[in-house]
Amino acid sequence: MEIACTLLPRFSGPPAIRIRLSQPKRVAWTVKPHSSSIRGFRSAAFLSRDAQGGAPAKTRGQQKVFDSVDEAVADVKSGSTLLSAGFGLCGTAETIIGALSKRGAENLHSLTAVSNNAGTAIGGGLSPLIANGQVSKAICSFLGNNKALEKKYLNGEIAIELTPQGTLAEKIRCGGAGIPAFFTPTGVNTFIQSGQIPQRLKGGEVIEPGKARETRIFDGKVYNMETAIKGDVAILRAHKVDKAGNCQFRYTTKSFAPLMAKAATVSIVEAEHIVEIGELKSDEIDLPGIYIDRIVQATAEKIVEVKTLKTEESPEEQGKNNPALARRNRIAKRAAKELKPGFYVNLGVGMPTLAPSYLPPDANVWIQSENGILGMGPYPTEAELDADIINAGKETVTLVPGASVFDSSDSFGMIRGGHVDVSMLGALQVGANGDLANYMIPGKVFKGMGGAMDLVSNPDETKIVVLTDHVDKTGRSKIVQNCTLPLTGAKVVSTIITDLAVFDVDRKRGELTLIELAPDVTLEQVKEKTNANFHVKEPLGRME
């Protein structure tokens, strides 16, 4: 997705498709109207095909186990809303997706697909349906490196409604619980609130804008209103399913599966093992059979999206001949000091995941991963590798003794509710007032915000620590007086750790204080490379 911001010519990419934003004014996207006096949106011609949508027939008392996956999906209708479980490729219903894809675009099209990821760069997940042109709209939190989806979005062939990951999970949970809407702090003072991320483009023009959120103030704070999501059909994968539809999931495969099964009119599960009623003990059932209508045998192999294994080399050894890694290790080592014994912490993708390497063995720090882990361990050996245990970056990981797993609604409830002590994220820009921008650079690929907006949604209870290089690849400071990139959160950051220095952020006063310098770094160097005013603590400390 190519983005170009009118206020940031230095970030502009090559003269391709551009979307013009006005971040400081928080204005809506410009929408090209029809020639008539009625404001409307242009849409691609393929959307005019007959697609009434609606759920398949739901009959109580019928046998739930189907002999054929093709039979189980034969009456899924064009125009339906499809809830597709899984996180990356962990827990996706590959067997069912294959059968839906086999029906082809002539027989099944104009689907609205709801999933955390709308396919991936390596295929799998919803990728076959998107490649076939069977999906007209995707509601997701993360595009990743899915170039096929990006191209279809830019060409106007598919609409994309980007939704923060925790908000997406809660919208689906509410859909299944009969709750039409809710208020959340996630996305306040961002393009989510103002509706400035367009849903559909064509020829560089916004054909369908994003949806601005209604807001309300509770206890002096602003909250966005989000509406529930309900589906016609949910597709999910489970480890064991008995013939009554009771499901048991393995580890992180349950991230979205129970939520989506509850929010759909008809839910279809592919089971790795179909067992007799009674074989699953009552306390082994993760999802009661009331939510499952159809059961098929899973035949597709699991796909490991990012296979990451433990290395015997220490971080310092790995960084000896790699200056970039050495800088990252310096930041991670200092970041580890923010993690106190007994803390519950969330570590964002990338640099934050290096911090635990510098913790003492008895640190007793519990690492949370927003896809549904509390007690995440190190990367696995080849023998320990399990496709059903991944982190938020889709990397294979392990679990420590005492770890627990849960669905994404519970996970983000922990986060928004302030139960996590510290959350560490990367940054593209950090403002002197604690503003954070870390999910979009105009003129470059936009991957989506994932769970970042949720992670910074309660900064009064969860300390937000940013880990970042002090300057970007072109030498521009990432620490600025005022952010010019689209915000992930406003006034949320409390501590900034870079390869050059450590800053405390006074979010209320909007001021920075330099508290530590990296070894062999001078105050003058930090001043030269920081595009923001800051105070200097006396005495000034040193990063170890």
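When reading the values below, keep in mind they use all heavy atoms of this one structure, side chains included, and skip hydrogens, waters and symmetry mates. Residue indices begin at 1 and follow the sequence shown. The structure presented is a predicted model; accordingly, all values stated were derived computationally and were not measured.
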Inset, instruction - Show your reasoning for whether salt bridge (charged side-chain N to carboxylate O under 4.0 Å, His left out) applies to R237 and D388. - result: CA-CA 11 Å; R237 182 174 178 130; D388 292 337; over 6 Å; no
Inset, instruction - Would you mind telling me which of N458, D454, N224 makes a side chain to side chain donor-acceptor pair (under 3.5 Å) with T186? - result: D454
Inset, instruction - Just grab all the ring pair (Phe, Tyr, Trp, His ring centres under 6.0 Å) pairs involving residues 226-259, residues at least two apart or on different chains. - result: H239-H273
Could you check whether [Y] and [X], counting side-chain N and O atoms only, form a donor-acceptor pair closer than 3.5 Å?
X	Y	result
D293	S267	no
S409	E170	yes
E270	T95	yes
K211	Q199	no
D286	Q248	no
T215	Q193	no

Non-hydrogen atoms of [X] and [Y] that approach each other most closely:
X	Y	value
I96	V69	CA-CG2, 4.0 Å
A392	N371	N-OD1, 3.5 Å
K171	T163	CD-CG2, 4.0 Å
C247	V241	SG-CG2, 3.9 Å
P459	V492	CB-O, 3.5 Å
A159	R200	CB-NH2, 3.3 Å

Separation of [Y] [atom2] from [X] [atom1] (nearest 0.5 Å):
X	Y	atom1	atom2	value
E161	C140	CD	SG	9.5 Å
N146	K151	CG	NZ	12.5 Å
T488	L428	OG1	CG	7.5 Å

Inset, instruction - Please report the C-alpha distance between E150 and K152 in whole Å, then the side-chain angles of each, then the deciding distance to 0.1 Å, and finally whether the salt bridge (charged side-chain N to carboxylate O under 4.0 Å, His left out) criterion is met. - result: CA-CA 6 Å; E150 178 185 325; K152 286 180 176 288; over 6 Å; no
Quick one: side chains of residues 120-129, donor-acceptor pairs under 3.5 Å with protein atoms, not counting sequence neighbours, listed by atom name and distance.
| from | atom 1 | to | atom 2 | distance (Å) |
| --- | --- | --- | --- | --- |
| T120 | OG1 | I122 | N | 3.2 |
| T120 | OG1 | G123 | N | 3.3 |
| T120 | OG1 | G123 | O | 2.5 |
| S127 | OG | T120 | N | 3.0 |
| S127 | OG | T120 | O | 3.4 |
| S127 | OG | G124 | O | 2.9 |

Legend entry - Steps toward salt bridge (charged side-chain N to carboxylate O under 4.0 Å, His left out) verdict (E395, K307): CA-CA 6 Å; E395 299 172 309; K307 180 180 178 180; over 6 Å; no
Inset, instruction - Please test K77 against D232 for salt bridge (charged side-chain N to carboxylate O under 4.0 Å, His left out), starting from the C-alpha separation and ending with a verdict. - result: CA-CA 9 Å; K77 301 174 183 178; D232 296 307; over 6 Å; no
Legend entry - Pair D435 + K491: basic N to acidic O under 4.0 Å: no
Legend entry - Geometric cation-pi criterion, K447 with Y439: 6.0 Å, 45°: no
